[in-house]
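Reviewing the structure listed below.
Letters go in sequence order (proteins before strands), and every chain restarts at 1.
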4 protein chains.
Amino acid sequence: MKQNKPKYKQIIDAAVIVIAENGYHQAQVSKIAKQAGVADGTIYLYFKNKEDILVSLFQEKMGLFIEKIEGETSGRTKAADKLYVLIEKHFSLLSDDHHLAIVTQLELRQSNKDLRLRINEVLKGYLNVLDSIIQTGIDTGEFREDLNLRLARQMIFGTIDEIVTTWVMNEEKYDLVALAGQVHHMIVRGFGNSQ
Amino acid sequence: MKQNKPKYKQIIDAAVIVIAENGYHQAQVSKIAKQAGVADGTIYLYFKNKEDILVSLFQEKMGLFIEKIEGETSGRTKAADKLYVLIEKHFSLLSDDHHLAIVTQLELRQSNKDLRLRINEVLKGYLNVLDSIIQTGIDTGEFREDLNLRLARQMIFGTIDEIVTTWVMNEEKYDLVALAGQVHHMIVRGFGNSQ
Amino acid sequence: MKQNKPKYKQIIDAAVIVIAENGYHQAQVSKIAKQAGVADGTIYLYFKNKEDILVSLFQEKMGLFIEKIEGETSGRTKAADKLYVLIEKHFSLLSDDHHLAIVTQLELRQSNKDLRLRINEVLKGYLNVLDSIIQTGIDTGEFREDLNLRLARQMIFGTIDEIVTTWVMNEEKYDLVALAGQVHHMIVRGFGNSQ
Amino acid sequence: MKQNKPKYKQIIDAAVIVIAENGYHQAQVSKIAKQAGVADGTIYLYFKNKEDILVSLFQEKMGLFIEKIEGETSGRTKAADKLYVLIEKHFSLLSDDHHLAIVTQLELRQSNKDLRLRINEVLKGYLNVLDSIIQTGIDTGEFREDLNLRLARQMIFGTIDEIVTTWVMNEEKYDLVALAGQVHHMIVRGFGNSQ
DNA sequence: TATGAATGAGTGTTCATTCAT
DNA sequence: CATGAATGAACACTCATTCAT
């Protein structure tokens, strides 16, 4: 199991750093190898090709990401609470990892269509968590029963993603986590006045 | 004024087709020139370099896009109505232009940071329209007065963008415009039950 | 006779200025046309191609150059005097025309072999003047009778040319004409002590 | 130390051959690589860019050239003898290397100003040898004490260079080395009759 | 004569991947 | 397992020249 060997993680961590600091198109395999402290050729003992590094990177990091979020949300009963925890956790995990935020929000988007499709595969785990929360809400009557599951999921993901991306592009100048409450309220209650 | 010369538009239209059909990284200048029916060198009589073609493409198309949307929304009084028209128009304009949808949602995102920053400049016009609608809603009391303008704007844009992108990635298999009502409702009223 | 039409000289003068100020490789036809105040295509009504501009330039300017030098030297009887006048005139003519000095000493040397062969044709006129002076010197007994005419000519030309080129490369910081006497003495009398 | 790796010299030697046989402007990197028997990319493991090949070529070849000439001249005591050896050696080294003669006398002169400045840096070593010989001659009384060191150096270099260039342009039809004595005599004794 | 928009051939350089050691 | 020297395909851009007006 290559994934357990130390150099596997070493190379992935190196890739995150190199991509975050140099940008996607300036993240040459040789630069990643140097950062990881291995020879260029060694990379190919652990990864099929460059794309495989990036997909693996996303899988490893996003896997942990989803795991943590799932863990936190499962402790709540109400869908709205689960959703709040998800947003808060999503924001805080990226706030805590500057390099990862740049890589997932900006740099990895420059990859070609093939790579993006494979990244989307990984994202499905996250979207499943969202679906499950929304379905819970509909089932318990918290959310409207005519809510379109797919659209709702896309709204949540699109909103969170756009807010994080804007925050990263603004060089993370403000407190992202502090926005979780307002974002959560907009999603659950909408723009309208409640009276 | 180069923008009025026929070859200027001819080249931009060719670029949209070539990028949509071949992908961003396979859209060589020579391919665009061939599609436009001009010599490679002619491109450089109208554009400073390759990046300039792409920025101009985005400016021209997005300019028209924003113009049309602004025109339609200005005919409405209520913010909620304006927002509905915006969503519906956004969906229908992209539904009607298959190539443009692929280019704006998938291919142009692969551009480097510099180009993306310049694209964001163009997008500001669109975001301003959103801001103005939201502010109208707050002023008239349609929307909550404690609504965070920036977050609201990011939610609308992120939601619409994610929904369109998913639709494009799913090869436009379903009717995007038909979703406008539900999307609008989710944004304005949220997920919650109204009782 | 195209050579007599005003635009012919106009274009040649423009070429000297453009080459002197931009360098040989940055002296595009369009730049010369602009400097001459004519359209690009007009150049080709007066010159066969770009190389023809440069050869004509050299012919015109070097023709005048040789004419003036010949005129001055013919006024002297002794070969040594003729040689002195030639050196002095060569130095002063280039000292007086900054642009021409740069073009002939530095820029035109970057031309390809073909062009240089044609330039050498023009130079033959100058070399003939040299030969005639040397022959005179030999005939009158001023110069050694076993002097190798060809080598002597190459020594004079090589010396003068190297001195002028160095002076141009040093941005013409010192008085070139003032060196004529020493140069003349070195050529006629050599390095050795006369005793 | 790249200079000691076999491919470094292999590429430089290939460059001399390709430039001599095809001319400066037809000496594409791919042609040099082919001649050297390496891949195009390999060139860039040993040289920063194309200009670096040419500068290195000049440094390597001219470095050896100067070394050899310095070695030979240092064996003589009298300045005139040193000068004779220098001329003779200069002529014979280029006579023995047909390709190098073409490259240094004709092709490399077509390089742009930047490259020529860097070539001049290399030439300084040669000019220093000349200066030292001339100074020796002045100190020992062999040469006139009012001899202008800089002009004398330019005369020697200009003369030798012009004679070699003419010889190369005449396709090396005559015996260059055989001219050394006459050239030496012209420089040391001048044109004049000694009586 | 004069114009200037259009042409299209030509090349230095990068970098993911391989493979002999 | 690990190395790193070697590979070679791929592409944006310039500019001398033409020719319809």
Problem - 5'-most by nearest nucleotide on DNA chain F - B:Asp40 or C:Asp40 - result: B:Asp40

Fill in the blank from the handout: DNA chain F nearest-nucleotide lookup for D:Gly41 and B:Thr42: closer to the 5′ end is D:Gly41

Practice task
Check whether any side-chain N or O of A:Lys31 sits under 3.5 Å from a backbone N or O of A:Gln26 as a donor-acceptor pair, and report yes or no.
Solution key: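 Between the backbone of A:Gln26 and the side chain of A:Lys31 there is a qualifying donor-acceptor contact (under 3.5 Å).
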
Which of the following nucleotides, [options], is nearest to the side chain of [X]?
X       : options               : result
A:Gln26 : E:dC15, F:dT3, E:dT3  : E:dC15
B:Asn49 : E:dC15, F:dC13, F:dA5 : F:dC13
A:Lys50 : F:dA2, E:dT17, F:dT17 : E:dT17

Practice task
Give the ring-plane orientation class for D:Tyr8 versus D:Phe47, where under 30° counts as parallel, over 60° as perpendicular and anything between as tilted.
Solution key: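 Rings of D:Tyr8 and D:Phe47: parallel, under 30°.
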
Exercise for the section: Determine which bases of DNA chain F form Watson-Crick or G-U wobble pairs with both distances under 3.5 Å, and write the result as a 5' to 3' dot-bracket string with | for other-strand partners. Expected result: .||||||||||||||||||||

Problem - Among C:Ile32, C:Thr104, C:Ile102, C:Leu57, side chain to side chain contact (heavy atoms under 4.5 Å, CB included) partner for C:Val16 - result: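 Among the candidates, only C:Leu57 passes.
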
Exercise for the section: Determine the contact category for D:Val29: base if any of its heavy atoms lies under 4.0 Å from a base atom, sugar-phosphate if only primed atoms, P, OP1 or OP2 are that close, otherwise nothing. Expected result: base

Exercise for the section: Determine the contact category for A:Lys7: base if any of its heavy atoms lies under 4.0 Å from a base atom, sugar-phosphate if only primed atoms, P, OP1 or OP2 are that close, otherwise nothing. Expected result: sugar-phosphate

Handout entry: Of D:Gln28 and A:Glu51, the one whose closest DNA chain E nucleotide lies more 5'
Key =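 Checking each residue's closest nucleotide, the 5'-ward one belongs to D:Gln28.
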
Exercise for the section: Return the 5'-most residue of the pair C:Ala39, B:Gly37 with respect to DNA chain E, ranking by each residue's nearest nucleotide. Expected result: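 Result of the comparison: C:Ala39.
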
Handout entry: Salt-bridge contact C:Glu121-C:Lys124 (side-chain N to carboxylate O under 4.0 Å)
Key =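 Result for this pair is yes, salt bridge flagged.
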
Practice task
Go through the side-chain N and O atoms of A:Asn22 and A:Gln28 and say whether any donor and acceptor fall under 3.5 Å apart.
Solution key: no

Problem - Trace of the side-chain hydrogen bond (donor to acceptor under 3.5 Å, both in side chains) decision for D:Gln35 with D:Asp13 - result: CA-CA 9 Å; D:Gln35 172 73 32; D:Asp13 288 338; over 6 Å; no

Practice task
Whole angstrom is fine here: how far is it from CD1 in C:Ile32 over to P in E:dG4?
Solution key: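 The answer, rounded to whole Å, is 17 Å.
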
